[in-house]
Amino acid sequence: MITHEQIPDFYDWLSRYVQLSNWLSYRDRFAAFTMHKRLDVPTQAGGASGRTAGLEYVNDRLLEVAGLPPEPRVLDAGCGFGGTVFHWQRRIGGRYDGLTLSRVQLRVARREARRRGIEDSCRFHLQSYDAALERDFDAVVAIESLIHSADLDRTVPNLASALRPGGVLLILDDMATGDLDRARPAEAALLRAHWGCARYPTQEDYRAALRRACLTLIHEEDLSPLMVPRDEHILDRWEGIYSKLHRAIPLSPVRTVVSAFLGGIALERLHGSGDVHYRLVVARNDGTGKA
Ligand SMILES: C[S@@+](CC[C@H](N)C(=O)[O-])C[C@H]1O[C@@H](n2cnc3c(N)ncnc32)[C@H](O)[C@@H]1O
């Protein structure tokens with residue numbers, strides 16, 4: 001059982017595992033410095049991203065819809081290893097702050113910023129997105145991080161408060177189409193137990209939280225068709241193996257990583273059945289409310 005308080009440890013162990021798995025898949029421990037879903041997009045022949053195009057796609061797509069001014073000031077709320085920050089900084093310059101709860105991710109991100117000689121413009125902090133934030137950002141981006149919010153009605157207004165008038169909040173996450181506790185109680189319980197997710201937010205929960213934060217919804221997009229779903233019988237087999245491992249090996253690192261997989265399988269089933277979609281929502285601070 002992963003509780004909300006254990007999210008930092010969860011991401012520390014997962015981040016170590018991801019480095020190993022990236023090495024096995026890409027011969028590169030950090031593979032674009034991302035920790036989000038790989039999507040099925042054409043590899044740009046000869047392009048810099050090549051093998052990791054499926055990992056970098058969302059960084060490009062979000063940048064495209066963000067419509068940022070030159071040299072923007074950006075906050076990444078749940079930055080992982082800093083992949084989005086590094087990608088955007090390389091493409092358009094600007095100043096960036098990344099927040100993570102994981103010390104392992106923080107070390108990797110800061111070291112990479114130093115290696116690139118951009119540590120003054122790309123700063124990383126061990127800080128919750130629910131804590132008090134700096135102001136006047138042109139954009140706040142949250143990729144697969146708000147799923148861990150204990151309360152969207154606290155998190156979203158806090159992120160909105162960091163935007164300058166005209167600034168945009170971009171959220172990319174797995175969003176339920178309805179109440180999962182009612183429609184799919186088994187998977188909802190697995191996500192709660194293994195990913196420390198509170199009530200799994202619906203698309204409407206996100207829209208309502210944006211409205212209550214006085215932000216104007218300006219763009220919505222469903223990236224689910226780009227996902228690469230596995231067959232149910234493959235999911236059944238892996239779920240059986242991981243469940244046995246979870247019971248048999250009481251070591252924290254193993255249990256944490258296996259937990260992440262079990263939660264991931266529940267999520268894949270929900271994507272397969274259409275109960276969850278991978279959605280991008282973008283909302284603007286029009287300067288009309290308290291945001
Ligand atoms: C699945 S990873 C995604 C990382 C990154 N956005 C990416 O696309 O590679 C989720 C991230 O959310 C962060 N996170 C979760 N809850 C958080 C919170 N309350 N405050 C800040 N970061 C949080 C984790 O530390 C982790 O970096």
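Numbering starts at 1 and runs along the sequence shown. Keep in mind that what you see is a predicted model, and the values were worked out from it rather than measured. Whatever order the structure lists ligands and atoms in, that order sets their numbers, starting from 1.
- Residue-level proximity to ligand 1 for Ser149 is absent, since no heavy atom of it falls below 4.0 angstrom.
- Inclusion of Glu144 in the set of residues having an N or O under 3.5 Å from an N or O of ligand 1 is not warranted.
- The protein atom (non-hydrogen) at minimum distance from atom 25 (O) of ligand 1 is Thr100 OG1, 3.0 Å.
- Less than 4.0 angstrom separates some heavy atom of His36 from each of these atoms of ligand 1: 7 (C), 8 (O), 9 (O).
- In terms of protein heavy atoms, atom 12 (O) of ligand 1 is closest to Ser145 CB, 3.2 Å.
- Of all the heavy atoms of His148, the ones lying under 4.0 Å from any atom of ligand 1 belong exclusively to the side chain.
- Remark: aromatic rings of Tyr17 and Phe261 are close, center separation under 6.0 Å.
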- Task: Starting from the C-alpha separation in whole Å, work towards a yes-or-no answer on salt bridge (Lys or Arg N to Asp or Glu O under 4.0 Å) for Arg110 and Glu119.
- Result: CA-CA 7 Å; Arg110 282 186 174 165; Glu119 67 270 39; over 6 Å; no

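- Close contacts between ligand 1 and Gly80 involve ligand atoms 4 (C), 5 (C), 27 (O) [criterion: under 4.0 Å to a heavy atom].
- A distance of 6.0 Å or more separates the ring centres of His36 and Tyr278.
- By the 4.5 Å heavy-atom criterion applied to side chains, Thr256 and Asp9 are not counted as neighbours.
- Side-chain atoms of Tyr11 and His148 include a donor-acceptor pair closer than 3.5 Å.
- The only option from Gln105, Arg103, Arg107 that meets the side chain to side chain donor-acceptor pair (under 3.5 Å) definition with Ser15 turns out to be Gln105.
- The protein heavy atom nearest to atom 3 (C) of ligand 1 is Ile143 O, 3.5 Å.
- Applying the side chain to side chain contact (heavy atoms under 4.5 Å, CB included) test to Glu268 and every residue at least two apart in sequence or in another chain returns Arg230, Leu235.
- Within the 4.0 Å heavy-atom criterion, the part of Gln127 lying near ligand 1 is the backbone and not the side chain.
- Considering backbone and side-chain N/O atoms, Ala77 never comes within less than 3.5 Å of an N/O atom of ligand 1.
- Of the N and O atoms on the side chains of Thr202 and Asp205, at least one donor lies less than 3.5 Å from an acceptor on the other residue.
- What sits closest to atom 5 (C) of ligand 1 on the protein, heavy atoms only, is Gly78 O, 3.3 Å.
- Qualifying salt bridge (charged side-chain N to carboxylate O under 4.0 Å, His left out) partners for Asp153, counting only residues two or more places apart in sequence or in other chains: Arg212.
- With respect to atom 9 (O) of ligand 1, the closest heavy atom belonging to the protein is Met35 N, 2.6 Å.
- By heavy-atom distance, the residue among Phe81, Phe10, Tyr11, Tyr129 lying nearest atom 20 (N) of ligand 1 is Tyr129.
- The closest approach between any non-hydrogen atom of Gly83 and ligand 1 is not below 4.0 Å.
- Side-chain N/O atoms of Glu56 and His87 include a donor and acceptor closer than 3.5 Å.
- The closest protein non-hydrogen atom to atom 26 (C) of ligand 1 is Gln105 OE1, 3.5 Å.
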